[in-house]
2 protein chains.
Amino acid sequence: MPLPALERLSTYIRCLRQLEEEGTASVSSQDMERHTGVTAAQFRKDLSYFGEFGKRGIGYRVTELRERIARLLNIDEEQQVLLVGAGHLGSALIAYPGWHFYRFRIAAVFDKDPDKIGAAIRNHVVLDMERLEEIAASVGARIGILAVPAWDAQGVADRLVAAGIVGLINFAPTKLRLPPQVSVREVCFICELAILSHLVHHQPEKG
Amino acid sequence: MPLPALERLSTYIRCLRQLEEEGTASVSSQDMERHTGVTAAQFRKDLSYFGEFGKRGIGYRVTELRERIARLLNIDEEQQVLLVGAGHLGSALIAYPGWHFYRFRIAAVFDKDPDKIGAAIRNHVVLDMERLEEIAASVGARIGILAVPAWDAQGVADRLVAAGIVGLINFAPTKLRLPPQVSVREVCFICELAILSHLVHHQPEKG
DNA sequence: TAGATTGTTAATCGATTAACAATC
DNA sequence: TAGATTGTTAATCGATTAACAATC
């Protein structure tokens, strides 16, 4: 299964959720193309890597498809996530409204700054980094989020992996060196801005 | 030029900056492979879409390469950016430490919430959305950042485009419908988490 | 049945990798 | 000159698109 196909599943699920809210019961791949911008053929091909989801001549049941894609992504049951870093980014992540829909739950928030430890951010009390291993073990989290400065990222990542984390979202602008069985997804906002900068600068009209 | 090649330029520039700080004057494509994980052949091929950057038998001058890539990305001169949305995410973006290195500058921050308008976030005073067109025109910004809720995103995007914005970073979980000459880059943190969830769930060991 | 739409196969397209001539 | 390393060409690989048989 191609990684781009997996990456598009999130797009589909977001769209299906919206259709559900609007009360739409059924969609065709053509409809999905209109809603997501992904071509009908691409949509059907993407799904085909995972099984059969529709009925020929009819289309797809919105709710069923949403549920089955959720199961594929393993977001059909609540999943514990560790968040390291309680700075501005960490705080914004805690306030993010989408956790619930995707069935993720912040199991614990860590920081090493004594000024932050013990403070409450929304419904989370910031814990001392020292307790990372202990808490990771007790909640059995497999996914962690790195919202720490670049110079701290590798050290924290190593500790998370040692504590049983096998998937990491890395917001720090640094390349992590981790065992190959650990999956890492980089989120680099400023990189996106730089790419955009090139694209708008080299646009046909207006130079 | 393939889009993936462009996307990797940010990785290279980040690496080159680090090498510069360490005082390294020269790198080979092999060195870059070690530092970034992108293969030497890929690195050379990526650069080849834009010109010649090194010396055969020698390698690349770190500073020169960094500067030339910065010019390719159009981040060699200060660039004004409009930020719409002064919530948690907007605040975290304002606090982001990487703006300066990439020569981006937040020209103005907007929100429509009367409780936020007039408040200071770091060195920015939040402006009324009503003034968006006026300010956009006066600073001549071409890039905007959408840090507003999904239900507001399309409307704000339309206004930004009407005000001369041709590149958008969209943090809202919604597909924007915009004229084709407008470049949009989606940043979807929770999508990354969902992808990661699938990857760790379907890993060889531990299931 | 006729019309619609899927799932899948084959064709196309594009990106990556490998190899090597150019050259420092 | 010999060794190193680029820039580029050709070969491979993988993803997307198009077409269509299956089937609701």
Side-chain angles (χ1 to χ4, degrees), chain A residues 1-13 15-16 19 24-69 71-72 180 191 195 198-199 202, chain B residues 1-13 15-16 19 24-69 71-72 180 191 195 198-199 202:
Chain A
M1 177 260 312
L3 188 59
L6 171 60
E7 292 173 338
R8 282 187 292 268
L9 292 186
S10 287
T11 310
Y12 302 151
I13 213 168
C15 169
L16 290 164
L19 289 170
T24 311
S26 171
V27 274
S28 68
S29 53
Q30 266 300 332
D31 296 334
M32 288 300 285
E33 173 166 348
R34 273 186 291 274
H35 289 299
T36 66
V38 178
T39 65
Q42 177 99 262
F43 174 75
R44 296 200 306 275
K45 188 82 171 105
D46 285 350
L47 292 185
S48 77
Y49 294 112
F50 301 97
E52 303 197 358
F53 295 81
K55 284 235 188 311
R56 293 167 194 230
I58 307 291
Y60 305 84
R61 306 282 314 171
V62 171
T63 299
E64 187 206 328
L65 183 55
R66 203 253 306 137
E67 286 172 353
R68 288 189 60 193
I69 294 179
R71 192 149 61 243
L72 289 175
C191 297
I195 293 161
H198 173 91
L199 292 173
H202 292 82
Chain B
M1 175 264 309
L3 187 59
L6 171 61
E7 292 174 337
R8 282 187 292 266
L9 292 186
S10 287
T11 310
Y12 303 152
I13 213 167
C15 170
L16 290 164
L19 289 169
T24 310
S26 171
V27 274
S28 66
S29 54
Q30 266 300 331
D31 296 334
M32 289 299 285
E33 174 166 346
R34 274 186 291 274
H35 290 298
T36 66
V38 178
T39 66
Q42 177 99 262
F43 174 75
R44 296 200 305 276
K45 188 80 170 113
D46 285 350
L47 292 185
S48 78
Y49 294 111
F50 301 97
E52 301 196 1
F53 296 81
K55 284 234 188 311
R56 292 167 196 231
I58 307 292
Y60 305 83
R61 308 280 313 170
V62 172
T63 299
E64 188 207 328
L65 183 56
R66 203 252 308 136
E67 286 171 354
R68 289 191 59 195
I69 294 179
R71 192 149 62 244
L72 289 175
C191 297
I195 293 161
H198 174 89
L199 292 174
H202 293 79

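Per chain, numbering begins at 1; letters A, B, ... match sequence-line order.
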Using a 3.5 Å cut-off and no angle test, enumerate the donor-acceptor pairs between side-chain atoms of residues 39-47 of chain A and protein atoms at least two apart in sequence or in another chain.
| from | atom 1 | to | atom 2 | distance (Å) |
| --- | --- | --- | --- | --- |
| A:Thr39 | OG1 | A:Gln42 | N | 3.2 |
| A:Gln42 | OE1 | A:Arg8 | NH2 | 2.9 |
| A:Arg44 | NH1 | A:Ser29 | OG | 3.0 |
| A:Asp46 | OD1 | A:Arg8 | NH2 | 3.0 |
| A:Asp46 | OD2 | A:Arg8 | NE | 2.6 |
| A:Asp46 | OD2 | A:Arg8 | NH2 | 3.3 |
| A:Asp46 | OD2 | A:Tyr12 | OH | 2.6 |

- Message: Please enumerate all residues that pass disulfide (SG to SG under 2.5 Å) together with B:Cys15, with sequence neighbours excluded.
- Response: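 By the disulfide (SG to SG under 2.5 Å) rule, B:Cys15 matches no residue at all.
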- Item | pair A:His202-B:Met1: side-chain heavy atoms closer than 4.5 Å |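 Counting from C-beta outward, A:His202 and B:Met1 never come under 4.5 Å.
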- Task: Check whether any side-chain heavy atom of B:Leu16 sits under 4.5 Å from a side-chain heavy atom of B:His35, and report yes or no.
- Result: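 Side chain of B:Leu16 against side chain of B:His35, heavy atoms only: no contact under 4.5 Å found.
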Mind calculating the distance between [atom1] ([X]) and [atom2] ([N]) to the nearest angstrom?
{"X": "A:Phe53", "N": "C:dT6", "atom1": "CZ", "atom2": "P", "value": "13 Å"}
{"X": "A:Phe43", "N": "C:dT5", "atom1": "CZ", "atom2": "P", "value": "13 Å"}
{"X": "A:Leu47", "N": "C:dT5", "atom1": "CG", "atom2": "C1'", "value": "13 Å"}
{"X": "B:Met32", "N": "D:dG7", "atom1": "CE", "atom2": "C1'", "value": "16 Å"}

- Each nucleotide of nucleotides 15-24 of chain C classed B (base within 4.0 Å of a protein heavy atom), S (only sugar-phosphate) or -, in 5' to 3' order, makes SBBBB-BBBB
- Could you name each residue pair satisfying side-chain hydrogen bond (donor to acceptor under 3.5 Å, both in side chains) that touches residues 49-64 of chain B, not counting sequence neighbours?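 Only B:Glu20-B:Thr63 qualify under side-chain hydrogen bond (donor to acceptor under 3.5 Å, both in side chains).
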- Please work out the stems of DNA chain D from pairs that are Watson-Crick or G-U wobble with both distances under 3.5 Å, keeping only runs of three or more consecutive pairs.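 C:3-24 with D:3-24 - these are the stems of 3 or more pairs that involve DNA chain D.
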- Partner set under side chain to side chain contact (heavy atoms under 4.5 Å, CB included) for B:Thr11, not counting sequence neighbours: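 Partners of B:Thr11 by the side chain to side chain contact (heavy atoms under 4.5 Å, CB included) criterion, ordered by chain and then number, come out as B:Thr36.
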- Query: Taking it one step at a time, do B:Met32 and B:Leu19 satisfy side-chain contact (heavy atoms from CB on, under 4.5 Å)?
  - Reply: CA-CA 10 Å; B:Met32 289 299 285; B:Leu19 289 169; 4.2 Å; yes
- Item | Distance below 4.0 Å between A:Ser29 side-chain N/O and C:dT6 OP1 or OP2 |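 Yes, within the criterion.
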- Straight-line distance of B:Arg71 CZ to B:Arg66 CZ, nearest 0.5 Å: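 The CZ atom of B:Arg66 is 11.0 Å from CZ of B:Arg71, to the nearest 0.5 Å.
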